Amino acid sequence: MNDRYDPSIIESKWQQQWEADRLYQRDDASTAQKWYFLTMLPYPSGDLHTGHWYAMSPSDAGARYKRMNGYNVWLPIGFDAFGLPAENAAIKHGVHPHKWTLANIERMRGQLRKMGTMFDWEHEAISCLPGYYQWTEWFFRKFYDMGLAYREEAPVDFCPTCNTTLAREQVWGEDRHCERCGTPVEIRNLAQWKFRITAYADELLDRLDEIDWPERVKTMQRNWIGRSEGVEFEMTILGQEDLSFRVFTTRPDTTFGMSFAVLAPEHALVEQIATDEQEEAVRAYVDAAKRKSELDRQAEAGEKTGIFTGAYAINPVNGQPVPIWIADYVLMGYGTGAIMGVPAHDERDFAFARQYGIPTPIVIVPDEVYRAGEAAAWNEQAGWALPAAYALKEGGVMVNSGPFDGAPWPHSFDATATWLTAHAAGERKTNYRIRDWLISRQRMWGSPIPIIYCPTCGTVPVPYADLPVLLPEDAAFRPTGESPLKYHEAFRYVKCPTCGGDAERETDTMDTFLCSSWYQYAYVSPYWKAGEPLSPDDMPWDPALGQIWLPVDQYTGGIEHATMHLLYTRFFTKAMRDAGLVDFDEPMLRLFNQGMILGEDGEKMSKSRGNVVNPDEYVGKYGADVVRAFLMFIGPWEMGGPWNPRAIEGVQRFLQRVWALIVEASEPQGGIPTAGQIADLRRATHQTILKVTEDYENFKFNTMIAALMGFSNTLIEAKKTAVVGTAAWDEAISALLRMMAPAMPHISEELWARIGQPYSIHTQAWPAGDPALAREEVVEIAVQINGKVRDRLEIAADADQATIEAAALASERVQQWIGGKSVRKVIVVPGRMVNIVTG
RNA sequence: GGGGCGGUGGCGAAAUGGCAGACGCAGCAGACUUAAAAUCUGUCGGGGGAAGCCCCGUGUGGGUUCGAAUCCCACCCGCCCUACCA
């Protein structure tokens, strides 16, 4: 029998065995503590790539580790199966997206099985099947009833390549490009469906403090939500007291410093207030602003342009008139679309004032300056004062502000806010950067939006009992990328569910991020109530099972979803809670973001760079265990890093050595092992268990593998001695295999069987590390003189400080280095080192 | 412009206030072999020395400390996010 390590034989053998035994099937009856481990579901592009392996195999190891520690672990899998590539394939090859998608899924299932994960295939969910998307539609309908879904005509981002609108979160980068295809987006005015995610802005922000997520993601979400507290108040127009506009500011304490006001070009008041002399120029500016693309506006960020309207507004705090300008640096979409210009205390206003020679009175000075009575020196003639002024908030004091002079931050905010509330129709207001989630997509391959437009009844939601609105199976795809639904008469022209008259169906479909916003719930009981009529009182999953498994305990996935999927699914959960579907607030309690696996050249893998690593090739050559362990060994999981085709051989050698260690007979050793040999072996075993356990807990897979390599090297040495066959030896081998099991499930199962242990290693208990056995008896201590190592001492590990100090000073070498100098100080760190400081 | 992460041998990296470079890759030398592959053994940050050893070394410059890759300040470089949000 050829007894070399041959993964091609053992891996498929055990994969079949596990599946036949339903080893990883979810256990709903267990009394053990449940652990819902979720890794972001893949898009069925057709091939599992290295990135999937990098995300999934450590996740699987983490889940398996938890299982061996007594948890009732569930690791489900499914496919995010709606989306553009399927539609593009349909246009190109004439194959229906449904067929293309399911063929890809079939192929990827095979690849995923070869990874040797503990995925529970019996609860697989595919988002493009009617049994799944009936619930995606049901959620839309539910949110519509709750007032969380609404339709609005507004300027929106449109990707000309994908031929659809996008959510604000899906427009990336400086050039505002489409997150999927990279094309810069255009702005279009369209009637689109939106979800009122802004209704949860506060909660989405505040509950970030409650979840164990990476700070990085939390920061990104905080910035994205962008809450700012301020005051909105009214300004009237000089000579036209019936006209007014409102401005929003976070710095009411600077109102006395207002030297102009600005309206956004789209502001409704613009036409009314422009004076006759200025009217033409204002109209030209507004027209130019309209024509300017988002890109142009970006390109000239910093450079300010604007036009004077000829009108003046009254600053409510001092009754002074200030010129009203139009400028495109003020955005209609944020706040009120109008601002007060305080150039001395706002960088943007300053740039604008500079451009047009507007005065910049200083109204806030540093506390020290005020107390020293030097506030007068801080005026706009002093060039140094202005740059120092605009960042002033904390530690600033109001000056040149009438009755408020001397008010410090934050009292200055409160006092002026109160005054503006009483005297300028003001109110405290919180503004957010986050916008409502635009969910309409002008594409066919997504969940239909269950809405019917009736000339008589208006917008009518599809009745719950009529869900789901099914996608047609005979859609004709157009090379232009236009949605076939628009041209599908049977789909589009329907009777109104209310009046029975002729009506039209909404032909836009929903953003596929809706599908993934609730997939962790869909896994609980996939395709729940498929084929049955639905009602508003339904649950989208079996509530008894949901009680057991929800919410997700550990989530893993890439950082790229920080302000998309991870925000949307949090919103969904809060809306679901308010609909009475769940009784918790957050969908995923812990999150870990793995890094990105790069090509050999250290660059992102891409076909155009030609640096794509095909995992199948390496799995064929080395086996899944080697590929898994190698990906974990590369470096810290959160860091990612380049693929190195040579380094993988080191991991292969490691597994081959472990194989030989256990399978090959040892040279018979005469004699009996010494107590010291046994103690050394057990110490190595328990030290490794403690280290490896800690590393699995913290997802530090790279040092976990390194520790196992070190331990196996120790055992290979020990195999040459008489310890082989002792209880300590058996303990070591058993522990080694169980520690390898989560990361390298096949080889450990095979070797476990070969040493005669009961199937399966994956249902065994995790080895317990004993700190007493792991403790060193004798340690080497470095002796430093003035911080430089001059000697090393072997000393009992439990020696006290005095003993260590005496031993160090007794050393001849140490005395030589001290020379005649006096010892000023001796620092002893037990078990580590001594530092002798001489004078 | 703002925010975040990072910079350690030829390479991937350990070490997060206590002996820098664990573990692995590559390299070098050797064993086995007719030879090669595979495997095994040794070596492997730089400089000096016959050697015991000594000096230098974690992007750069300062600082705190008995002691700094680790903490603080300033700067340089790389990557990611964000961008006129009042």
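Keep in mind that this is a model prediction, so the values were computed, not measured. Residue numbers begin at 1 in each chain, while the letters A, B, ... track the order of the sequences.
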Practice item. Establish, yes or no, whether a centroid distance under 6.0 Å links the rings of A/Tyr329 and A/Phe352. Key: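 When the ring centroids of A/Tyr329 and A/Phe352 are compared, they turn out to be within the sub-6.0 Å range.
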
Using a cut-off of less than 4.0 Å, is there contact between a side-chain N or O of [X] and OP1 or OP2 of [N]?
X        : N      : answer
A/Arg790 : B/rG52 : no
A/Arg216 : B/rC79 : no
A/Lys788 : B/rC53 : no
A/Arg813 : B/rC54 : yes
A/Thr703 : B/rA22 : no
A/Arg653 : B/rU39 : yes
A/Lys700 : B/rA15 : yes

When you compare [N] with [M], how far apart are their [atom1] atoms, in angstrom units rounded to a whole number?
N      : M      : atom1 : answer
B/rG7  : B/rU16 : C1'   : 16 Å
B/rG6  : B/rG67 : C1'   : 26 Å
B/rU43 : B/rU34 : C1'   : 28 Å
B/rG12 : B/rG18 : C1'   : 27 Å
B/rC11 : B/rU60 : C1'   : 24 Å
B/rG47 : B/rG57 : P     : 15 Å
B/rA20 : B/rA36 : C1'   : 40 Å
B/rU58 : B/rU70 : P     : 9 Å

Roughly how many Å is it from [atom1] in [X] to [atom2] in [N], rounded to a whole number?
X        : N      : atom1 : atom2 : result
A/Asp601 : B/rC11 : CG    : P     : 17 Å
A/Leu598 : B/rG6  : CG    : P     : 16 Å
A/Gln656 : B/rA37 : CD    : P     : 16 Å
A/Lys821 : B/rC66 : NZ    : C1'   : 15 Å
A/Arg832 : B/rA20 : CZ    : P     : 12 Å
A/Gln784 : B/rC66 : CD    : P     : 14 Å
A/Glu638 : B/rA13 : CD    : P     : 11 Å
A/Leu331 : B/rA83 : CG    : C1'   : 11 Å

Review point. Considering every strand shown, what is the Watson-Crick or G-U wobble mate of B/rC5 when both distances are under 3.5 Å?
Key: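 WC or wobble partner is B/rG78.
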
Exercise for review: Find the partner of B/rA29: check Watson-Crick (N1-N3 plus N6-O4 or O6-N4) and G-U wobble (N1-O2, O6-N3) distances, both under 3.5 Å, and reply none if neither fits.
Suggested key: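 Result: B/rU41.
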
Practice item. Give a yes or no on this: more than 12 heavy atoms of other residues, nucleotides or ligands lie within 6.0 Å of atom CZ of A/Arg435. Key: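 For A/Arg435, atom CZ is crowded (more than 12 foreign heavy atoms under 6.0 Å).
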
Practice item. Using a cut-off of 6.0 Å, state whether more than 12 heavy atoms not belonging to A/Arg180 lie near its atom CZ. Key: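 No - once you tally the heavy atoms of other residues, nucleotides and ligands closer than 6.0 Å, there are 12 at most.
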
Point to revise | Smallest separation among heavy atoms of A/Ala424 and A/Pro316, with atom names | key: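 That would be CB-CB, 3.7 Å.
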
Just checking [X]: base, sugar-phosphate only, or nothing, at a heavy-atom cut-off of under 4.0 Å?
X        : value
A/Pro642 : nothing
A/Met709 : sugar-phosphate
A/Trp817 : sugar-phosphate
A/Arg246 : nothing
A/Ala706 : base
A/Ile827 : base
A/Ser228 : sugar-phosphate
A/Glu347 : nothing
A/Asn223 : nothing

Counting heavy atoms from C-beta on, name the nucleotide in [options] closest to the side chain of [X].
X        : options                : value
A/Met220 : B/rC84, B/rA14, B/rC81 : B/rC81
A/Pro636 : B/rA14, B/rC66, B/rG12 : B/rA14
A/Met639 : B/rA86, B/rC25, B/rG6  : B/rG6
A/Glu649 : B/rU82, B/rC66, B/rA26 : B/rA26

Review point. Under a 90° cut-off about 0 for the syn range, is B/rG9 syn or anti?
Key: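 That one's syn.
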
Point to revise | Along RNA chain B (nearest heavy atom to each residue), the more 5'-positioned of A/Asn702 and A/Asn713 | key: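 The residue whose closest nucleotide sits nearer the 5' end is A/Asn702.
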
Exercise for review: Using heavy atoms to find the nearest nucleotide of RNA chain B for A/Gly831 and A/Lys720 separately, return the residue whose nucleotide is more 5′.
Suggested key: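 Comparing both residues, the 5'-ward one is A/Gly831.
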
Practice item. For the pair A/Asp6 and A/Arg4, find out whether any cationic side-chain nitrogen is under 4.0 Å from an anionic carboxylate oxygen. Key: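 Not counted as a salt bridge, because no side-chain N and carboxylate O are separated by less than 4.0 Å.
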
Review point. Do NZ/NE/NH1/NH2 and the carboxylate oxygens of A/Asp209 and A/Arg222 come within less than 4.0 Å?
Key: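 Salt bridge present between A/Asp209 and A/Arg222.
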
Review point. Got A/Ile358 and A/Trp325 here, is their nearest side-chain heavy-atom distance under 4.5 Å?
Key: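 The answer is yes, as the side chains (C-beta and beyond) meet within the 4.5 Å cut-off.
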
Practice item. Indicate yes or no for a side-chain donor-acceptor contact from A/Asn835 to the backbone of A/Ile827 under 3.5 Å, with no hydrogens or angles considered. Key: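 Between the backbone of A/Ile827 and the side chain of A/Asn835 there is no qualifying donor-acceptor contact (under 3.5 Å).
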
Check your understanding: Aromatic rings A/His561 and A/His565: how do their planes relate, parallel, tilted or perpendicular, breaks at 30° and 60°?
Key ->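 Perpendicular: the ring planes of A/His561 and A/His565 meet at over 60°.
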
